[in-house]
Amino acid sequence: MKVYNTLTKKKEQLVPIDDKTVRMYSCGPTVYSYAHIGNMKAFLFMDFLKRSLNYLGYKVKNVMNITDVGHLVSDADEGEDKMIKTAKSTNKTPWEIAAMYTDAFLADIKKLNIQRPNVLCKASEHIEEMLEMVYKLYDEGYAYETSDGIYFDIAKFPQYGRLSNLDLEGQLAGARVAVNEEKRHPADFALWKKAPKEHIMQWDSRWGMGYPGWHIECSAMSRKYLGDQFDIHTGGVDHIPIHHENEIAQSDAFLKKQAVKYWMHCEFLQVDGGKMSKSMGTAYLLSDLEEKGYEPLAFRYMCLNAHYGKKLNFTWDGIEAAQKSLNRLSNLVLEHKESDTHIDSNVIEEYKQQFREALQDDLNLPLAMSTVWNAARNNVKSKSIYNLLMDFDKVLALDLDKKRTEAADDIPEEVTLLAEQRLEARKNKDWKKSDQLRDRIRQLGYSINDTPAGQVIKKG
RNA sequence: GGCGCCAUAACCAAGCGGUAAGGUAGAGGUCUGCAAAACCUUCAUUCUCCGGUUCAAAUCCGGAUGGCGCCUCCA
């Protein structure tokens with residue numbers, strides 16, 4: 001498989017360090033509010049990558065962090081923080097808030113058929129591992145102390161800026177004035193912060209009570225679970241310039257060698273051609289889609305239709321199209337399931353080959369999807385194609401053999417009653433009455449379709 | 001100001017030197033009392049514009065125009 005490596009700006013052949021298992025780390029959610037569908041796109045990317053690697057025959061071990069410390073400052077000296085607001089208004093502790101949003105996150109990824117990473121680790125439970133790195137970096141002169149914390153000295157790490165192609169000099173010229181006058185360079189970043197009394201989450205350290213800087217958790221936990229050196233690190237493009245740059249600096253300085261071989265980043269989800277924003281109300285949640293009658297898997301389908309490295313434009317028309325496509329695809333899959341016309345095995349092999357090649361080329365899922373459709377639309381309806389498509393579904397994870405035109409199961413009695421009356425009217429060929437009843441049912445938010453098997457009532 | 005990405009049919013979106021994948025919408029058809037759903041067929045001589053390289057360019061180079069993102073602990 002070839003993957004685009006942000007570090008080298010090239011597509012490279014993926015060669016696992018340990019030739020048996022690909023070890024991969026993905027930046028996870030910060031659990032102080034609900035994750036929106038933009039966040040989900042990144043987690044879907046991780047899942048597509050893992051499943052594709054498995055499909056292509058690689059073994060994979062993956063780790064994801066849950067960031068449950070760092071944002072959890074108790075006083076609002078930096079303006080409005082959603083976390084604090086929530087904590088105050090609900091009278092809960094940061095720990096409780098974190099637990100609540102972690103649960104919500106896990107429920108969401110489950111709905112999206114995102115496989116739970118092999119290791120899901122919380123920052124708050126790995127303070128010791130983080131301190132181990134901070135101490136060593138400090139002792140070896142990579143970090144210095146200021147009145148409010150321990151900072152990494154980027155001057156000691158000449159490769160700083162390689163990932164994001166940062167020109168530190170140029171950057172400096174236009175940079176805003178450093179807030180922290182004690183920092184030697186504006187880009188120096190905190191490894192450890194000394195905690196003010198009112199900071200709720202704090203731990204003991206050499207420098208007294210404090211809490212970890214916002215980058216060290218990934219370095220410490222990836223090292224703990226994947227070893228000093230591992231293969232792939234994924235995340236959103238927004239993390240390239242600061243978070244991942246800093247991670248590289250602290251990890252590589254700590255190890256005296258390169259920790260991560262391939263850096264893979266997924267582009268943002270936009271809404272109506274622009275930035276997704278909470279203030280504009282476009283930071284939709286999975287539950288928003290569900291409320292409008294879309295399956296979470298329709299969103300998964302949508303993401304499958306664009307390359308991970310490119311921005312995807314979310315629109316309501318787009319999700320509608322995705323849901324329809326998914327419904328039709330499932331229908332076709334079931335058609336193949338129920339038929340057993342013979343088909344030349346070469347045809348099957350050809351599809352399989354195309355699918356594999358698409359995955360191998362830097363996870364070109366949109367291209368893979370064209371093969372999926374070509375196979376599904378094949379005029380010959382065959383069990384072999386059904387098996388093939390279900391094989392593809394190991395990667396797609398769209399539950400393709402799910403019947404999506406089934407009647408909804410929570411039909412209100414009122415609607416059921418009207419439907420029965422309509423059935424009666426149709427028997428009597430009283431079309432006028434039957435159409436009126438259909439209209440009323442539609443007004444109640446349900447659609448009714450006549451099929452050879454009888455009438456089917458669906459929500460929406 | 002610094003860094004970067006992208007411009008392909010009504011919309012979403014592959015292709016990245018060899019003559020435009022796929023999905024949605026639209027159109028036509030089968031089915032139906034009529035619809036809907038489902039299924040089938042069809043749908044870009046052309047890839048923002050202008051130059052250049054080449055036997056050959058959406059694909060490479062130069063320029064123009066337009067859109068977007070990051071530089072704020074947002075994936």
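First the proteins, then the strands, lettered A, B, ... as listed; each starts at 1. Just so it is clear, the values below take in all heavy atoms, side chains as well, and ignore hydrogens, waters and symmetry mates.
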Anything under 3.5 Å between a protein N or O and an N or O of nucleotides 42-44 of chain B, put it in a table, one pair a line.
none

Is A/G235 touching bases, backbone alone, or none of the nucleic acid, heavy atoms closer than 4.0 Å?
-> sugar-phosphate

Can you give the donor-acceptor pairs under 3.5 Å from side chains of residues 309-325 of chain A to other protein atoms, not counting sequence neighbours?
| from | atom 1 | to | atom 2 | distance (Å) |
| --- | --- | --- | --- | --- |
| A/N313 | OD1 | A/D272 | N | 3.1 |
| A/N313 | OD1 | A/G273 | N | 2.7 |
| A/T315 | OG1 | A/G318 | N | 2.8 |
| A/W316 | NE1 | A/Y284 | OH | 3.3 |
| A/E320 | OE1 | A/Y294 | OH | 2.7 |
| A/Q323 | OE1 | A/E295 | N | 2.8 |
| A/Q323 | NE2 | A/E295 | OE2 | 2.9 |
| A/S325 | OG | A/A321 | O | 2.8 |

Would one find a side-chain N or O of A/N364 under 4.0 angstrom from OP1 or OP2 of B/G15?
yes

**Report entry** P gap between B/C50 and B/C12, integer Å
**Finding:** 23 Å

Looking at B/A75 and A/F268: do their rings stack (centroid distance under 5.5 Å, interplanar angle under 30°)? yes

Scanning all shown strands, the Watson-Crick or wobble mate of B/A58 with both distances under 3.5 Å is none

Its contact letters, B for base, S for sugar-phosphate only and - for none at protein heavy atoms under 4.0 Å, make nucleotides 5-10 of chain B read B-S---

With the side chain defined as heavy atoms from C-beta on, A/K275 is closest, among B/C74, B/C39, B/G33, to B/C74

Value for CE (A/M1) from CD (A/E357), rounded to nearest 0.5 Å, stands at 13.0 Å

Just checking A/I240: base, sugar-phosphate only, or nothing, at a heavy-atom cut-off of under 4.0 Å? nothing

For residues 280-290 of chain A, the salt bridge (Lys or Arg N to Asp or Glu O under 4.0 Å) pairs (sequence neighbours left out) are A/K111-A/E290

* Name the nucleic acid region contacted by A/T234, choosing base, sugar-phosphate or nothing; use a 4.0 angstrom heavy-atom cut-off, strictly under. => nothing

For this session: For B/G62 versus B/A27, give the span between their P atoms, rounded off to a whole number of Å.
Result: 45 Å

The residue among A/H239, A/E247, A/E245 that forms side chain to side chain donor-acceptor pair (under 3.5 Å) with A/H243 is A/E247

| said: For a quick check of understanding: with a heavy-atom distance under 4.0 Å over all strands, which category does A/M276 fall into, base, sugar-phosphate or nothing? | reply: base

Taking atom OH as the centre, does A/Y34 end up with more than 12 heavy-atom neighbours from other residues, nucleotides or ligands that are less than 6.0 angstrom away? no

TODO: For A/G213, report the nucleic acid contact type (base, sugar-phosphate, nothing); a contact means any heavy atom under 4.0 Å.
DONE: nothing

- Message: Can you confirm whether A/M280 is buried at CE, in the sense that more than 12 heavy atoms of other residues, nucleotides or ligands lie under 6.0 Å from that atom?
- Response: no

When the ring planes of A/F45 and A/Y308 are compared, do they come out parallel, tilted or perpendicular, using 30° and 60° as the limits? parallel

Between A/T6 and the options A/H233, A/H244, A/H265, the side chain to side chain donor-acceptor pair (under 3.5 Å) test singles out A/H265

Pairs under 3.5 angstrom, nitrogen or oxygen only, protein versus nucleotides 22-24 of chain B, please.
| from | atom 1 | to | atom 2 | distance (Å) |
| --- | --- | --- | --- | --- |
| B/G23 | OP1 | A/R377 | NE | 3.1 |
| B/G23 | OP1 | A/R377 | NH2 | 3.2 |
| B/G23 | O2' | A/S325 | OG | 2.1 |
| B/U24 | OP1 | A/R328 | NH1 | 2.6 |
| B/U24 | OP2 | A/R377 | NH2 | 3.4 |

- Query: Without hydrogens or angle criteria, can the side chains of A/E349 and A/Q353 be said to hold a donor-acceptor pair below 3.5 Å?
  - Reply: no

On RNA chain B, more 5' by nearest nucleotide between A/L329 and A/D361 is A/D361

Side chain to side chain contact (heavy atoms under 4.5 Å, CB included) filter on A/A143, not counting sequence neighbours, yields A/Y138, A/I150, A/L191

Query - Salt-bridge present (A/D450, A/R422; N to O < 4.0 Å) - result: yes

Please determine if A/R404 and A/D399 form a salt bridge, counting it only when a charged side-chain N lies under 4.0 Å from a carboxylate O. no

Comparing nearest nucleotides in RNA chain B, the 5'-proximal residue of the pair A/G28, A/P241 is A/P241

| query | Between A/R438 and A/D435, is there a salt bridge with N-O shorter than 4.0 Å? | reply | yes

Taking a pair to mean Watson-Crick or G-U wobble geometry with both distances below 3.5 Å, B/A20 pairs with none

Any strand, both distances under 3.5 Å, Watson-Crick or G-U wobble: B/C3 pairs with B/G69

Partner of B/C39 under the Watson-Crick or G-U wobble criteria, both distances under 3.5 Å, comes out as B/G29

Discussion item. Taking any heavy-atom pair under 4.0 Å as a contact, classify A/R162: base, sugar-phosphate, or nothing.
Written reply: nothing

Check: When all nucleic acid strands are considered with a 4.0 Å heavy-atom cut-off, which category describes A/H36: base, sugar-phosphate, or nothing?
Finding: base

(Q) Considering every strand and a 4.0 Å limit on heavy-atom distances, what is the contact class for A/H215: base, sugar-phosphate, or nothing? (A) nothing

- request: Return no unless some side-chain N or O of A/N449 is found under 4.0 Å from OP1 or OP2 of B/A36.
  value: no

